[in-house]
Amino acid sequence: MIQRIQSIFLFLASGSCFGLFGADMADTPQPVADSSLFQDASFDLFDDPVLMGAFALAGVLFLANIFLFKNRKLQMKINIAGAVALGVGVGYGLVRLFTDSAASMALPDFGVAFPVLAMVFAILASHYIKSDEKLVRSADRLR
């Protein structure tokens with residue numbers, strides 16, 4: 001059903017992905033002219049279209065996954081796809097951050113926690129989807 005615990009975790013994972021659109025991931029004390037990420041003194045999703053696409057895709061997958069509660073196998077696959085999109089976004093963001101010329105002056109901001117939270121919530125949702133599937137299988141054996 002839609003009120004199961006994995007729905008709440010999927011909603012929180014989606015909210016964490018979409019929360020990145022309003023949060024900075026790193027800041028520098030002043031704008032850096034020769035940097036591609038820190039020209040405005042902050043690194044956020046709007047600095048790179050690949051980052052925007054990866055985190056938007058992950059958020060949409062987690063949000064749409066809430067309504068697939070009747071098909072747990074598909075729900076599990078889409079949850080994994082959302083986690084992969086999230087991982088791609090995190091990996092690409094880290095590569096972009098550490099290859100930038102102003103990375104040494106950058107200080108992490110509270111937006112760094114959002115991808116971590118989204119991954120934790122996705123893992124928790126996966127756990128509860130698996131336990132639901134196990135419960136349904138055991139109930140089918142009893143019939």
Side-chain angles (χ1 to χ4, degrees), residues 1-140:
M1 281 203 245
I2 200 163
Q3 68 264 22
R4 294 203 171 131
I5 189 75
Q6 65 261 26
S7 299
I8 294 169
F9 287 132
L10 288 169
F11 181 74
L12 290 172
S14 175
S16 296
C17 288
F18 290 134
L20 278 167
F21 283 92
D24 294 337
M25 289 183 265
D27 291 325
T28 55
Q30 66 221 11
V32 181
D34 63 339
S35 171
S36 63
L37 295 179
F38 294 102
Q39 289 177 347
D40 58 351
S42 69
F43 172 44
D44 53 14
L45 288 186
F46 300 108
D47 290 336
D48 196 302
V50 174
L51 287 175
M52 284 191 323
F55 287 110
L57 176 66
V60 167
L61 286 174
F62 290 139
L63 191 62
N65 208 1
I66 293 171
F67 302 103
L68 297 173
F69 55 88
K70 290 184 180 179
N71 191 348
R72 286 170 302 282
K73 290 181 183 181
L74 179 63
Q75 194 177 31
M76 193 64 183
K77 289 178 185 176
I78 291 179
N79 198 32
I80 291 170
V84 167
L86 188 64
V88 166
V90 168
Y92 182 74
L94 287 173
V95 167
R96 282 293 312 262
L97 177 66
F98 289 120
T99 57
D100 195 77
S101 62
S104 61
M105 297 186 319
L107 300 171
D109 209 352
F110 71 93
V112 173
F114 283 138
V116 174
L117 285 174
M119 191 59 81
V120 167
F121 291 139
I123 291 169
L124 285 171
S126 264
H127 172 74
Y128 284 105
I129 293 167
K130 282 180 189 175
S131 67
D132 256 9
E133 183 64 24
K134 189 186 286 187
L135 179 68
V136 168
R137 281 192 207 157
S138 71
D140 284 344

Next on the checklist: Checking N79 now: which residues fulfil side chain to side chain donor-acceptor pair (under 3.5 Å) with it, not counting sequence neighbours?
Outcome noted: S126

Checklist entry - Which side chain to side chain donor-acceptor pair (under 3.5 Å) pairs, counting each pair once, include a residue from residues 108-119, with sequence neighbours left out? => result none

Item to check | Pair listing, ring pair (Phe, Tyr, Trp, His ring centres under 6.0 Å) test, anchored in residues 104-138, at least two apart | outcome: F9-Y128

Next on the checklist: My understanding is that only residues two or more places apart in sequence, or in another chain, count here; which of them pass side chain to side chain donor-acceptor pair (under 3.5 Å) with D44?
Outcome noted: none

Item to check | Set of side chain to side chain donor-acceptor pair (under 3.5 Å) partners for T28, sequence neighbours left out | outcome: none

Checklist entry - Got a sec, which residues hit side chain to side chain contact (heavy atoms under 4.5 Å, CB included) with I123, two or more places apart in sequence or on another chain? => result M119

Item to check | ring pair (Phe, Tyr, Trp, His ring centres under 6.0 Å) pairs, two or more places apart, involving residues 11-42 | outcome: F21-F46

Checklist entry - Short question: side chain of T99, backbone of V95 - any donor-acceptor pair under 3.5 Å? => result yes

Next on the checklist: Could you work out, with ring-ring contact (aromatic ring centres under 6.0 Å, His included) as the rule, every residue matching F55, not counting sequence neighbours?
Outcome noted: none

Next on the checklist: D100: which residues meet the side chain to side chain donor-acceptor pair (under 3.5 Å) condition with it, sequence neighbours left out?
Outcome noted: S35, S36

Checklist entry - Which residue pairs pass the side chain to side chain donor-acceptor pair (under 3.5 Å) test when at least one of the two sits in residues 64-77, sequence neighbours left out? => result R72-E133

Checklist entry - Can you name the salt bridge (charged side-chain N to carboxylate O under 4.0 Å, His left out) partners of D48, sequence neighbours left out? => result R96

